[in-house]
Visitor: 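First the structure, which I've put down as structure tokens, then a few questions once you've had a look.
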Amino acid sequence: MALRAEIPVTELLKNDPKNWGRWGAEDEVGSLNFLTQAEVLRGVQAVKQGKTFTLQVMMGHPKGDPVWPGRAQPVRVNVMDKGHYLCGKGPVFPGHAEYADDMLIMYLQGSTQYDALGHVWCDDTLYNGYDARTTAGKMEKASVLPIAERGVAGRGILIDIARHRGKPVLDRGETFTHEDVLTAAKAQGCTIEKHDILLIRTGWIGSFYDRDKTEFYKDFIEPGLTYSPALVQWFHEMEIPNLVTDTIANEVTADPVSGVVLPLHNALMRNLGITFTEIAALDALAEDCAKDGQWSFLYTAAPLKVAGGTGAPVNPVVIK
Ligand code: UVW
């Protein structure tokens with residue numbers, strides 16, 4: 001990964017739009033405010049067949065769990081099971097019912113997850129102008145909790161960039177723009193509408209399970225959307241509330257032009273308040289959409305209610 005940026009991210013984004021203050025000085029859910037009751041009903045109207053899909057990757061996959069480099073995979077540990085009873089250590093209840101218990105130790109971004117709007121910042125300032133010092137100890141502002149309490153429901157649309165480019169998975173560091181997304185949508189015979197929850201498939205996370213893990217993480221660079229002022233303007237004008245992708249970070253890891261790492265986290269999430277859902281499992285949904293030609297649906301999700309959390313795991317449900 002290119003870690004040496006040519007210019008500071010604030011310089012790169014200095015002319016880009018912001019939604020700070022648009023929903024009040026205390027807002028913590030950003031562009032989810034676009035998902036009004038009417039937008040939820042527009043999502044419901046996209047339900048045509050009653051097919052359901054869940055978008056979380058498995059935790060504890062036998063082939064490992066994909067995480068951002070430096071984070072550890074979730075660890076699930078049994079703390080009570082039949083073994084305890086066989087050793088005479090299990091609690092004996094009147095009536096002799098027995099039970100198993102376990103615990104999970106994980107990064108809150110260690111599976112399919114929503115990022116809190118304050119998860120990434122620059123210039124000592126979070127989404128909506130909150131001081132970055134409010135992240136100390138736990139997130140006092142723009143944590144994942146308000147997103148979790150609100151929940152997300154609306155019309156979702158899936159754009160399969162990998163399929164459009166005729167490959168099962170995009171290459172390491174392969175980029176695409178909003179123009180490419182629009183071209184792929186046209187080829188799919190669908191139109192991205194204002195306020196759509198945008199799901200983009202690259203094939204990347206699905207490919208993780210069959211790749212050599214050293215190769216996957218070596219000089220880590222994911223494929224993804226790449227920064228341009230025009231792309232940011234498009235997201236702004238389309239009032240996209242939520243970006244969901246099957247990559248760990250929803251964008252090409254390092255902008256090949258400026259060298260800046262994860263500029264869209266600041267341009268879209270911090271500045272526009274667009275919620276990010278990362279590490280989504282989109283292969284089964286994409287396969288089905290390609291078969292029946294229905295690329296839009298009702299998308300619903302609510303991350304776990306973690307007070308002060310920088311993010312939280314989620315298992316979004318799509319209904320076609
Ligand atoms: C980082 O925090 C680096 O990335 P993500 O948003 O993918 O969790």
Visitor: With the threshold set at 4.0 Å, does a side-chain nitrogen-carboxylate oxygen contact exist between R133 and D124?
Guide: no
Visitor: Parallel, tilted or perpendicular: which one describes the rings of Y217 and F208, with boundaries at 30° and 60°?
Guide: perpendicular
Visitor: Strictly by side-chain hydrogen bond (donor to acceptor under 3.5 Å, both in side chains), give each pair with a member in residues 113-122 just once, sequence neighbours left out.
Guide: Q109-D115, Q109-H119, Q113-D115, Q113-E278, Y114-N242, Y114-T277, Y114-Y299
Visitor: Any sub-3.5 Å donor-acceptor pair from S207's side-chain atoms to V169's backbone N or O?
Guide: no
Visitor: Between Y130 and W20, is the gap from one ring center to the other below 6.0 Å?
Guide: no
Visitor: Keeping the roles fixed (side chain from D65, backbone from M59), state whether a donor-acceptor pair exists under 3.5 Å.
Guide: no
Visitor: For a quick test of reading the model, state the closest non-hydrogen atom pair linking M106 to P313 and the distance between them.
Guide: CE-CG, 3.8 Å
Visitor: Would a 4.5 Å heavy-atom cut-off, applied to side chains only, mark M269 and Y127 as touching?
Guide: no
Visitor: Test of understanding: clusters of I, L, V, M, F, W, Y form through side-chain heavy atoms closer than 4.5 Å, transitively. Do V306 and L104 belong to the same one?
Guide: no
Visitor: Between H178 and F235, is the gap from one ring center to the other below 6.0 Å?
Guide: no
Visitor: If the condition is side-chain hydrogen bond (donor to acceptor under 3.5 Å, both in side chains), which residues does Q45 pass it with, not counting sequence neighbours?
Guide: none
Visitor: Could you work out, with salt bridge (charged side-chain N to carboxylate O under 4.0 Å, His left out) as the rule, every residue matching E174, not counting sequence neighbours?
Guide: R165, K167
Visitor: Suppose the criterion is side-chain hydrogen bond (donor to acceptor under 3.5 Å, both in side chains): which pairs have a residue in residues 84-95, not counting sequence neighbours?
Guide: D81-H84
Visitor: Which heavy atom of T177 sits nearest a heavy atom of D180, and at what distance?
Guide: N-OD2, 2.8 Å
Visitor: Which distance, rounded to the nearest 0.5 Å, do you find between the CD of E39 and the CD1 of I197?
Guide: 9.0 Å
Visitor: Closest heavy-atom contact between L272 and N19?
Guide: O-ND2, 3.0 Å
Visitor: Consider only side-chain N and O atoms of S258 and D255, and report whether a donor and an acceptor are under 3.5 Å apart.
Guide: yes
Visitor: Does some side-chain heavy atom of L282 sit less than 4.5 Å from a side-chain heavy atom of L158?
Guide: yes
Visitor: Taking T112 for its side chain and I279 for its backbone only, find out whether a donor-acceptor pair lies under 3.5 Å.
Guide: yes
Visitor: Would you find a donor on one side and an acceptor on the other, under 3.5 Å apart, between the side chain of N315 and the backbone of Q56?
Guide: yes
Visitor: Hey, are the side chains of L304 and V314 touching, using non-hydrogen atoms and a 4.5 Å cut-off?
Guide: no
Visitor: In Å and rounded to the nearest 0.5 Å, what is the CG to CD1 distance from N250 to I200?
Guide: 8.0 Å
Visitor: Can you list every salt bridge (Lys or Arg N to Asp or Glu O under 4.0 Å) pair that touches residues 12-21, not counting sequence neighbours?
Guide: E11-K14
Visitor: Show every side-chain hydrogen bond (donor to acceptor under 3.5 Å, both in side chains) that has at least one partner inside residues 137-152, sequence neighbours left out.
Guide: E26-K141
Visitor: Under a 3.5 Å distance rule, please check whether D292 uses its side chain to pair with a backbone N or O of Q294 as donor and acceptor.
Guide: yes
Visitor: Any sub-3.5 Å donor-acceptor pair from T275's side-chain atoms to P241's backbone N or O?
Guide: yes
Visitor: Is it true that the side chains of D131 and T134 contain a donor and an acceptor less than 3.5 Å apart?
Guide: no
Visitor: Measure the shortest side-chain to side-chain distance between M103 and N78 over non-hydrogen atoms and say whether it is less than 4.5 angstrom.
Guide: no
Visitor: Can you check whether I161 reaches V181 side chain to side chain, under 4.5 Å on heavy atoms?
Guide: yes
Visitor: V244, M238: one ILVMFWY side-chain cluster at the under-4.5 Å cut-off?
Guide: yes
Visitor: Does any non-hydrogen side-chain atom of W295 lie less than 4.5 Å from one of I159?
Guide: no
Visitor: Under 6.0 Å between ring centres: does that hold for W204 and F216?
Guide: yes
Visitor: Check C190 against I157 and note the closest heavy-atom contact, atom names and distance.
Guide: SG-CD1, 3.9 Å
Visitor: Please report the shortest heavy-atom distance between E222 and A249, naming the atom on each side.
Guide: OE1-N, 3.0 Å
Visitor: Can you list the residues that meet the salt bridge (charged side-chain N to carboxylate O under 4.0 Å, His left out) rule with D102, with sequence neighbours excluded?
Guide: R76
Visitor: Considering residues at least two apart in sequence or located in another chain, which fulfil the side-chain hydrogen bond (donor to acceptor under 3.5 Å, both in side chains) criterion with Q73?
Guide: none
Visitor: To the closest 0.5 Å, what do you measure between CZ (F297) and CZ (R155)?
Guide: 9.0 Å
Visitor: Answer yes or no: is there a donor N or O on one side and an acceptor on the other, between the side chain of E251 and the main chain of L264, under 3.5 Å?
Guide: yes
Visitor: Does any part of the side chain of S31, heavy atoms only, come nearer than 4.5 Å to the side chain of W23, both counted from C-beta?
Guide: yes
Visitor: By side-chain hydrogen bond (donor to acceptor under 3.5 Å, both in side chains), which residues pair with D288, not counting sequence neighbours?
Guide: K51, K320
Visitor: Once rounded to the nearest 0.5 Å, what's the spacing between atom CG of L35 and atom CG of D196?
Guide: 9.5 Å
Visitor: Is any side-chain N of the basic residue among K82 and E98 closer than 4.0 Å to the acidic one's carboxylate O?
Guide: yes
Visitor: To the nearest 0.5 Å, tell me how far T52 OG1 sits from L285 CG.
Guide: 10.5 Å
Visitor: Are the side chain of D27 and the backbone N or O of G24 linked by a donor-acceptor pair below 3.5 Å?
Guide: no
Visitor: Are I192 and L32 connected in a single hydrophobic cluster, I mean Ile/Leu/Val/Met/Phe/Trp/Tyr linked by side-chain heavy atoms less than 4.5 Å apart?
Guide: yes
Visitor: Would the distance check show the side chain of N33 and the main-chain N or O of G30 forming a donor-acceptor pair, the cut-off being under 3.5 Å?
Guide: yes
Visitor: Could you tell me which residues satisfy side-chain hydrogen bond (donor to acceptor under 3.5 Å, both in side chains) with R71, sequence neighbours excluded, listed by chain and number?
Guide: none
Visitor: Check for me, please, whether V260 and V120 land in the same ILVMFWY cluster - side-chain distances under 4.5 Å, paths through other members count.
Guide: yes
Visitor: Less than 4.5 Å apart, side chain to side chain, heavy atoms only: is that true for L13 and N271?
Guide: yes
Visitor: Of all the heavy-atom pairs spanning G203 and D246, show the shortest one and how long it is.
Guide: N-OD2, 2.7 Å
Visitor: Test: side-chain hydrogen bond (donor to acceptor under 3.5 Å, both in side chains). Region: residues 230-241. Which pairs qualify, not counting sequence neighbours?
Guide: R22-E239, H195-E239, Q233-E237
Visitor: Linking I/L/V/M/F/W/Y whenever any side-chain heavy atoms sit under 4.5 Å apart, do Y107 and F220 land together?
Guide: no
Visitor: Take L225 and L243, measure what side-chain contact (heavy atoms from CB on, under 4.5 Å) needs, and give me the verdict at the end.
Guide: CA-CA 11 Å; L225 281 169; L243 174 64; 4.0 Å; yes
Visitor: Please report the interatomic distance CD1(I319) to CD(Q49), rounded to the nearest 0.5 Å.
Guide: 12.5 Å
Visitor: What pairs of residues pass the salt bridge (Lys or Arg N to Asp or Glu O under 4.0 Å) test when at least one of them lies in residues 198-214, not counting sequence neighbours?
Guide: K63-D210, D160-R201, R201-D283, R211-E215
Visitor: Ignoring hydrogens and geometry, is there a side-chain-to-backbone donor-acceptor pair from N266 to L262 under 3.5 Å?
Guide: no
